[in-house]
Amino acid sequence: MCLGIPGQILDITDAAQKLATVDVSGVRRQVNIACIVDEEHPVESCVGDWVLVHVGFAMNRIDPEEAQITLDLLAEMAEVHESLAPI
Amino acid sequence: MCLGIPGQILDITDAAQKLATVDVSGVRRQVNIACIVDEEHPVESCVGDWVLVHVGFAMNRIDPEEAQITLDLLAEMAEVHESLAPI
Amino acid sequence: MTLSIDKPTSKKPPRLRDKTITLAHGSGGRAMQDLIEALFVQAFQEGPANALEDQARIPLDELTAQGDRLAFTTDSFVVDPIIFPGGDIGTLAVNGTVNDLAVSGAIPRYLTCAMILEEGLPMQTLRQVVASMAAAAKQAGVAIVTGDTKVVPRGGADKIFINTAGIGVMRTGVTPAAVHIQPGDVVLVNGPIGNHGATIMVARGELSLETDLQSDCQPLNGLVDAIVSVCPEVKAMRDATRGGLATVLNEFAESARVGIRLIEDQIPVDDAVKGLCELLGLDPLYLANEGKLVVVVPPEQAEEVLAAMRSHPSGTQSQIIGQVTEGQWVSLKTAFGTERVIDRLVDDQLPRIC
Amino acid sequence: MTLSIDKPTSKKPPRLRDKTITLAHGSGGRAMQDLIEALFVQAFQEGPANALEDQARIPLDELTAQGDRLAFTTDSFVVDPIIFPGGDIGTLAVNGTVNDLAVSGAIPRYLTCAMILEEGLPMQTLRQVVASMAAAAKQAGVAIVTGDTKVVPRGGADKIFINTAGIGVMRTGVTPAAVHIQPGDVVLVNGPIGNHGATIMVARGELSLETDLQSDCQPLNGLVDAIVSVCPEVKAMRDATRGGLATVLNEFAESARVGIRLIEDQIPVDDAVKGLCELLGLDPLYLANEGKLVVVVPPEQAEEVLAAMRSHPSGTQSQIIGQVTEGQWVSLKTAFGTERVIDRLVDDQLPRIC
Amino acid sequence: MKYVQEFRDPQKAQGLLQQIEVLGQQLTQSRPGPIKIMEVCGGHTHSIFKYGLESLLPSTVELVHGPGCPVCIMPKGRLDDAIALAQNPNVILATFGDVMRVPGSKQSLLQAKAEGADIRMVYSPLDALAIAQKHPDREIVFFAIGFETTAPSTALTVLQAERQGIKNFSLFCNHVLVVPALEALLSNPDLQLDGFIGPGHVSMVIGARPYQVIAQRYRKPVTISGFEPLDILQSLWMVLRQLAEGRCEVENQYARLVQEQGNLVALEAMAKVFTVREQFEWRGLGDIPASGFKMHPDYAHFDAEAKFTLPHRQVADHKACACGEILKGVKKPWECKVFGTGCTPEHPIGACMVSSEGACAAYYKYGRAQTAPELVSR
Amino acid sequence: MKYVQEFRDPQKAQGLLQQIEVLGQQLTQSRPGPIKIMEVCGGHTHSIFKYGLESLLPSTVELVHGPGCPVCIMPKGRLDDAIALAQNPNVILATFGDVMRVPGSKQSLLQAKAEGADIRMVYSPLDALAIAQKHPDREIVFFAIGFETTAPSTALTVLQAERQGIKNFSLFCNHVLVVPALEALLSNPDLQLDGFIGPGHVSMVIGARPYQVIAQRYRKPVTISGFEPLDILQSLWMVLRQLAEGRCEVENQYARLVQEQGNLVALEAMAKVFTVREQFEWRGLGDIPASGFKMHPDYAHFDAEAKFTLPHRQVADHKACACGEILKGVKKPWECKVFGTGCTPEHPIGACMVSSEGACAAYYKYGRAQTAPELVSR
Ligand code: SF4
Ligand code: SF4
Ligand SMILES: [Mg+2]
Ligand SMILES: [Mg+2]
Ligand SMILES: [Mg+2]
Ligand SMILES: [Mg+2]
Ligand SMILES: [Mg+2]
Ligand SMILES: [Mg+2]
Ligand SMILES: [Mg+2]
Ligand SMILES: [Mg+2]
Ligand SMILES: [Mg+2]
Ligand SMILES: [Mg+2]
């Protein structure tokens, strides 16, 4: 359920209404960014952020560090596997 | 102005509303016959009458005798003409 | 995607369970394929055996055996109502294109069938129209060999529109064309005019009129065969559809730079068509026909052509209706003995009432 | 009434004063004739010189000089919106039919143009569409030789529908058909898929999306020439329109009773098409194309055909995308190294969101 | 067709034509120019052209085509009002086909319809009422046009709406009256007419009496006429005979349909539902006193002019247009500078080119080959 | 595509697959049958089929496709209600494409649309609100479906409508909740599951905490997972590892998007606009307590169930349909008697055949060739 896709915020189109343009691999749409705005992240600061887009809303910010940790772990597991594989 | 065409009343479709079917050379339509109904001509008596049809109303009854008088006069004038024409 | 209709398939056709047409039937997916196989392929299977390709394929030597030129034509059909006394949009779609081929002197051979359907169309209506097309094609001796189906959202079209394109083979030596018309030539028509136009006007129901009229919709290729066989020199033929007899004759006069003089008394018009015209202030010369042919022949062959036409079932009420003259006008010798111009109309005739 | 579009006329065309299409333009009367002469005849005058008849007439020996069979096809175009990035309904109407002829191995020659117009259509829109058709016909080297114009009341159609039927000559000895496909044959496509379908979805505006995508609409007959010249034995070709690449391959598999195995990594898809598909839960394999060709060739000729395709401007991004197998399924070797079935859809893909 | 075919028999015309020739010669012996008889009614104009009657007449007798086409004389401003009504999204405007092509100041009803206005063509005002019953959520306005022939049908329809309690129906009333228009013409010093062929169907409603003013005050003979070719020729002959005999009377050629007193039911219905306007604008002729109907105050709730706000702008006629002079019989259509060039049935400038009962359209359609081929570029 | 492509790299799967194989073997040594892990979410089911992940797994590990497709579990009665709303001539029903083909008791929304109902597909509830602003004379009802991922968007849209004073907009609220459904499954004695792959996007809203009940009360390990193939394989491995280590915890594979506490703005919006229903009917599963949202009384003026009269009929599922058992993981699609014969995507009997996230549709579309070719007539 709940198709979500990462996109990057290009610009703020309406700060009061918390509306921004998001880009998903060359497809642009106006989305509501209310869910990712808080004291630490004022509207203007969101430009450039990667978010998860769902039904016209940016539902959460993607944490690049956590993503990297996951990828590193997978790379490590793959390497271990490589080294174990029969030559 | 005021295209009118002779038609014959086929039947009464609604005596209260004074509606009848009229036939114009094989084309039938419901018409209002209020204008041709009076004490002398109650609704039912109108069946078979020839009337002048205009915008869905029977506007007047056609007088067969008057029609004949006109035609007779024309025939007479044509005859006189014939008899005068060079042989 | 286009499917050639005459798929040589041994498997049994899918069952069509849908009661109405939905957008799925135009999607290119399985619903569309099922519709095509269950309905169109079944109805039109008379054609030559082609593979399931996007086009029909016809050996050229089969065509060259019948003549030396190809006639190629198209018409879209948007009649409202789609079903009317004497036919339906399917009958029209086949006969209209058969006739456009026939009047060129061609032997009509192959037709396409492209349907634009409105979402929500009852499947039963489509079945009826397709059956009419199949029957009309059989009667005219043509094969419907390829087609196309589109479905547009409700409100995006009015029930069904059909386009048919057709090809036929023009007999060597027979080249009717308006430019060949010369002063002295004789003009014939194959029967009473205006019945189709009058029928449709009444069938729309807006005028609350009733008649026993029927559309004259019929294929004319058989009649053309009869004409051409006695008169291969036939100058021009045209089916008098939209715009009626008057429009065809004006097109002829304009192309050949001649005049045409009609005799009102000789133009056959059925009583109910006359009645409708009187009631609404219309002129039957401009009413549409779907099975009427205007033929122009050299004067010395007029009687023989008339006889040939009258002995064909589609021409029993044929008449010589006028003659080609010098000049530039189509004119009418009225029943009252006077003369008037029969011009082209700008537009459809509107009822003239008050 | 149908007017052959290529009227040899010395008189100057009438001036079109109307700003919008009215029912008069479909009446068969002077308003219609003026429209046809001022717009269609002017735009499409490239055709052979025929008289003002209801059908085009084409010498058969001109056709037999090019091949031995006629290819005959039709498609109606109902795209919404009628004007979109990369083309309009006119461009589509010409290229669609050119392509259906070309993929049979035919040399596309003559097209019809039948328009159904909605009352109230701006004349300027019609002019633009007609100009696009003329330009597309010129680019593809075909002549639009006959046509038809109908006007339906406002609300009775959606702006413009166009039907084109086409004939072409099939080169002797070249007979691509799905039934010829055999296990081992190689499948190619001439570039990235889904651009047309994605463009139209975005252009409708309902999803409030924006991209720089353009329709891939283009004539493919030149590319087919290039393919056929190096590989007259080409097994099958088809343009992947409604239903997309997946549907064509399923049709192939079904006709030839074979399987087809695609390699996901080798199927070209533009980034924005990928983005749209991820956003809406769509599969680019089912998106429509209007300038994409699927070709199946014997394995030993695959590289040569690929090279020929890549050196043609319409095929610079061509790819070998898979191979024909025994079996009955179209399947995909995913980028993840697994295999899955690529079935036909019932219907158009709908956005899958929640 | 009974009562039609008999009156189209060319054999019977010969005697009439000969008499017309004799009378024409006799009447023009002592004066310059032909005898000019105006057929008032557009229906007559239509028949005259359809049957080519002018070609049968001697040069001593000329027909002048009068203002009796209710479509031709409809001013642009009223058409603009009708279009404005139709453009109201809640309104369905119903009207006769006749008026659909008449150009208003910017467009015709047909063009407004093409651009989205909901306009329905009907055969009868009763059909408009039926639309109102079918669409209770919409306002149906019947654009009522026509002379006294048509006005009773509209009136009877309103009375029926009243009886049935139909509230979403109203009239945009543009009915016009024949005699006041003739009086306006006759008061014009330019006018040189010798007599009138009177409108048969109007007279079937109003009777023969109202024309007495023409015969008595303006000293012009009138013959009320039917619409078939023999009717018209006979009426023409009757007018000429009056002239020859020095009489100025109202005669009735159309006795099969027209009675002295008219149709009482029709007259009563009109009297109930309508009242005479102080003045009404006629295209080409300007304001004419007491020449049209408006809704009677008792029926104000059926008056579209009361129910809706209308632009009510007066719009000048095109300055090249000679419609007014043609309607007065002062000019022939081909004497208009733009006839057949700037003004054609395709792109009419004046209303006379629109209705096939308009003199310009009739000449364009039926008369050109004979009368003025050199004026018309094909 | 950043954050997508990296997680689809097949090279990186090799280590995971090997670990899964090792763990699967280890875990099944001392018990009959494979380890059964349910992916709750339809999005996961879709990915599993799209990437063919099942074919990569050892026979010791089996995926069970759970009830996490909001379309598949929508009961017929609720669809009938939505169709009834759409058939109201003054209503425009807006909804996501997902639900358009689902069969109600008589027809689907797509069929109702073909027969004239005004139904618009939208990408966002905000687009439905825009339709309401564009058509002030119509009532726009948003047919709101989806789990906690989607519910905040709907709630935020209602809050915006409230701010903007839009009165012709309402919700037909059918939002459902994941954890109550899982609890209902887990209380079923039939069920034989060893662990869960938790829904990543729902968790992005509600956080990881609500799954504690599963781990603690029902003693099943849970791993919240992303949707790319590597995410799913990693999560599967994480669940197996918990099993192997005898742990029952809620782990989070999708840390790049899911935080322990969820999204506070989203949670607050839902809490304002919605309130939990006493129970909600799930197709195939029956009534589940506290498993759906209805409108909060403060927002009753946006509640289509209050604004309109609805049939509200409960409609039994087709008796041949094994959807319920499939959603519970008790049966595989091809074990349904009508799979691929009476029930196809063309003519679906059960909802699992409609949505491409439904297990039956997914098997039909992607899985047949491998799993059950003999069951399907072509
Ligand atoms: S020709 Fe046209 S402009 Fe001239 S008077 Fe007649 S209607 Fe008016
Ligand atoms: S195959 Fe159809 S009927 Fe059977 S369980 Fe699946 S959805 Fe239900
Ligand atoms: Mg194709
Ligand atoms: Mg085609
Ligand atoms: Mg097609
Ligand atoms: Mg035709
Ligand atoms: Mg024709
Ligand atoms: Mg044609
Ligand atoms: Mg045509
Ligand atoms: Mg095509
Ligand atoms: Mg209106
Ligand atoms: Mg509705």
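Residue numbers start from 1 in every chain, and the chains themselves are labelled A, B, ... in the order their sequence lines are given, proteins ahead of strands.
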Problem - Contact leader toward chain B among C/Leu276, C/Leu213, C/Asp212, where contacts are heavy-atom pairs under 4.5 Å - result: C/Asp212

Exercise for the section: Among C/Val187, C/Ile193, C/Val189, find the residue that satisfies the side-chain contact (heavy atoms from CB on, under 4.5 Å) test when tested with C/Ile267. Expected result: C/Ile193

Exercise for the section: Assess whether side chain to side chain contact (heavy atoms under 4.5 Å, CB included) is satisfied between C/Leu188 and C/Ser318, documenting all intermediate values. Expected result: CA-CA 7 Å; C/Leu188 301 94; C/Ser318 296; 5.7 Å; no

Fill in the blank from the handout: Under a 4.5 Å heavy-atom criterion, the part of residues 57-68 of chain B in contact with chain C comprises none

Exercise for the section: Classify the side-chain pair C/Ser132/C/Asp88 by whether it contains a donor and acceptor separated by less than 3.5 Å. Expected result: yes

Problem - Steps toward side chain to side chain contact (heavy atoms under 4.5 Å, CB included) verdict (B/Val51, B/Val53) - result: CA-CA 6 Å; B/Val51 296; B/Val53 181; 4.0 Å; yes

Exercise for the section: Under 4.5 Å, counting heavy-atom pairs only, tell me which of C/Leu207, C/Val202, C/Leu209 racks up the most with chain B. Expected result: C/Leu209

Problem - Per-residue contacts, residues 14-28 of chain B versus chain C, heavy atoms under 4.5 Å - result: B/Val24, B/Ser25, B/Gly26, B/Val27, B/Arg28

Handout entry: Cationic N near anionic O, under 4.0 Å, C/Lys292 to C/Asp239
Key = no

Problem - Shortest non-hydrogen contact between C/Gly96 and C/Asp75, atoms and distance - result: O-OD2, 4.5 Å

Handout entry: Verdict with supporting geometry, C/Glu303 and C/Ile320, side chain to side chain contact (heavy atoms under 4.5 Å, CB included)
Key = CA-CA 9 Å; C/Glu303 286 302 331; C/Ile320 289 174; 3.6 Å; yes

Fill in the blank from the handout: Rounded to the nearest 0.5 Å, the NE2 atom of B/His54 sits from the SG atom of B/Cys35 at a distance of 10.5 Å

Exercise for the section: Inspect the contact between C/Arg238 and C/Glu251 and indicate whether a charged nitrogen and a carboxylate oxygen are less than 4.0 angstrom apart. Expected result: yes

Handout entry: Intermediate values then yes/no, side chain to side chain contact (heavy atoms under 4.5 Å, CB included), C/His196 and C/Thr241
Key = CA-CA 9 Å; C/His196 177 75; C/Thr241 52; over 6 Å; no

